[in-house]
Number of protein chains: 2
Amino acid sequence: MDEPFGFRPLYRQVYDFMVKRITEGTWKAGETLPSEQTLATDLGVSQGTVRKALDVMAAEKLVERRQGKGTYVAEHTEESALFRFFRMARPDGERVLPECVAEEVASGKATAVESNKLKIEPGAAVVRIKRTRLVDQEPTVFETIVISAAMFPDIETYAPLPNALYGLYQTAYGVNIVHTFEQLRADLARKEDAKRLQVPLGTPLLHIDRVAIGLDGLSVEWRLSRCHTGKLVYAVTIS
Amino acid sequence: MDEPFGFRPLYRQVYDFMVKRITEGTWKAGETLPSEQTLATDLGVSQGTVRKALDVMAAEKLVERRQGKGTYVAEHTEESALFRFFRMARPDGERVLPECVAEEVASGKATAVESNKLKIEPGAAVVRIKRTRLVDQEPTVFETIVISAAMFPDIETYAPLPNALYGLYQTAYGVNIVHTFEQLRADLARKEDAKRLQVPLGTPLLHIDRVAIGLDGLSVEWRLSRCHTGKLVYAVTIS
DNA sequence: GAGTGGTCTAGACCACGCA
DNA sequence: GCGTGGTCTAGACCACTCT
């Protein structure tokens with residue numbers, strides 16, 4: 001347990017160890033972890049130290065704890081992942097579950113912008129997904145998603161893709177999305193927007209540019225969402 | 001230390017006690033709290049329990065800790081408050097400090113919408129502030145702010161109002177903003193927007209509807225921001 | 001060196017879920 | 001009733017800051 005210079009607390013080392021276990025797939029989504037006491041004796045530290053590492057992981061939503069039952073590797077299910085990363089809601093605050101239609105999946109080579117967003121080589125193989133999301137049967141969001149083909153081989157075989165893509169990334173490829181960076185702008189509907197969202201040209205749209213980051217810190221996905229904010233709004237809580 | 005039914009952990013009770021101290025002004029912004037050991041013996045609990053309460057408060061950014069020095073009541077300064085609640089940034093991610101001009105302060109009676117947003121009686125006295133925020137000398141955000149005159153008596157005497165209003169709320173009135181709810185839409189510039197932001201009518205704008213909540217859970221401020229997202233974007237990180 | 005927050009331990013007891 | 005996570009304690013030592 002020596003450290004060269006930086007001084008990494010014990011509970012941080014325990015954290016690193018457990019994150020590695022999840023990244024490698026030793027502990028998979030939805031599985032229960034060994035009990036705090038078991039982990040403690042296995043790793044030769046006190047239960048309090050394991051607990052502190054788990055506190056951090058629970059705060060990052062990497063694991064979920066249930067008193068009396070155990071600690072689970074967090075799953076990116078419909079409710080959890082969608083409600084966490086899909087921020088569109090009704091003005092009264094009620095969250096909605098969108099439906100996906102008109103999905104198009106195509107292969108290609110990364111453009112300059114795409115390679116920059118995904119931190120991959122220009123020209124590397126990528127997969128582009130376009131789809132429209134409906135809320136209450138009305139087209140509301142037009143999404144363009146770009147991912148590395150190397151990270152997600154043969155993803156087109158999973159078509160039709162699920163509503164919550166992050167769940168597929170996790171269960172089929174062992175890729176856990178832990179956070180996202182988004183930039184929002186206002187823009188006007190162009191031809192493709194107008195067609196997809198069935199709105200007049202020039203309708204004001206909320207333009208969301210999102211990069212999703214995985215557990216290992218790599219850029220996993222670049223997504224552009226063009227949202228019609230007629231009936232839904234983008235909801236943010238800063239705490 | 002009895003509890004009627006809900007079972008409130010000791011550290012929660014300690015938390016409540018300390019929040020009350022801050023709300024009442026016994027401990028003011030920027031001051032240092034008693035040491036963990038002192039608090040523990042004063043309250044008749046162990047240091048670990050005080051520590052756990054402070055952990056929660058630090059996570060909520062109510063206090064700041066500095067190893068070797070002490071624990072301080074968090075201050076809403078330019079950097080901290082603006083960078084926390086003002087989300088506009090350059091596309092490369094760099095945060096900016098805006099400047100405020102063309103400020104108008106007026107008194108009035110709460111409309112139905114205002115009373116609903118601020119949870120006050122319709123017709124209650126309110127103060128309305130309009131101002132334009134410049135970034136790089138260019139008008140970028142047109143804000144309309146509504147607050148209860150009862151909560152902030154004689155606020156007009158502080159004109160010109162500071163860039164970080166939350167700092168004034170805290171230091172002059174003892175009101176701590178702890179979180180905000182925002183709803184974002186895309187909209188088109190109307191007459192007043194065009195004039196304030198010096199853009200053509202019909203320019204797409206990011207419309208932000210924000211309610212700020214204080215330490216005691218009350219709605220403190222309602223703010224509408226209309227942002228020109230030509231050079232700046234609204235940045236969100238979901239972690 | 002004295003005082004502060006940060007880490008770590010060992011052990012006790014409580015609340016919860018389940019068989 | 002057992003095993004799990006959740007709370008609480010008491011005490012030790014470490015890292016940081018200031019004098």
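Taking 4.0 Å as the cut-off between side-chain N and carboxylate O, A:E31 and A:R21 do not count as a salt-bridged pair. In summary, B:K52 and A:D55 do not engage in a salt bridge, as defined by a charged side-chain N under 4.0 Å from a carboxylate O.
Protein atom CG of B:L10 is 11 Å distant from nucleotide atom P of D:dA10, rounded to whole Å. Spacing between atom CD of A:E36 and atom C1' of D:dG6 amounts to 8 Å, rounded to whole angstrom units. Put simply, CG on B:L39 is 11 Å from P on C:dT4, counting in whole angstrom units. What separates CZ of A:R8 from P of C:dC8 is a distance of 11 Å, to the nearest Å. One can place CD of A:Q47 at 18 Å from P of C:dT7, the figure rounded to the nearest angstrom. As a whole-Å value, the separation of A:Q37 CD from D:dC2 P is 17 Å. The CD-P distance, from B:Q13 to D:dT7, rounds to 12 Å in whole Å. For the pair B:E64 CD and D:dT17 C1', the computed distance is 16 Å after rounding to whole Å.
Contact annotation: B:T71 reaches the phosphate of C:dG5 (side-chain N/O to OP1 or OP2, under 4.0 Å). For B:K69, no side-chain nitrogen or oxygen approaches OP1 or OP2 of C:dG5 to under 4.0 Å. Proximity of B:R65 to the phosphate of C:dG6: a side-chain N or O atom is located under 4.0 Å from OP1 or OP2.
Of the residues near DNA chain C, A:P9 and B:S35, the one whose nearest nucleotide (by heavy atom distance) lies more toward the 5' end is B:S35. Take the nearest nucleotide of DNA chain C for A:G68 and for A:Y11: the residue whose nucleotide is more 5' is A:Y11.
For residues 48-57 of chain A, proximity to DNA chain D is found at A:R51, defined as any non-hydrogen atom under 4.0 angstrom from a strand atom.
One N or O on the side chain of A:R84 and one on the backbone of B:S239 form a donor-acceptor pair closer than 3.5 Å. B:R95 contributes no side-chain N or O that, together with a main-chain N or O of B:A89, makes up a donor-acceptor pair within less than 3.5 Å.
Here CZ of B:F85 is found 6.5 Å from CD1 of A:I238. Values are rounded to the nearest 0.5 Å. Note that OG1 of A:T71 is 12.5 Å distant from CG of A:L62, once rounded to the nearest 0.5 Å.
Within 6.0 Å of CD in A:E24 there are more than 12 heavy atoms belonging to other residues, nucleotides or ligands.
Of the listed nucleotides (C:dT9, D:dC8, D:dA15), D:dA15 has the atom at the smallest distance from the side chain of B:Q67.
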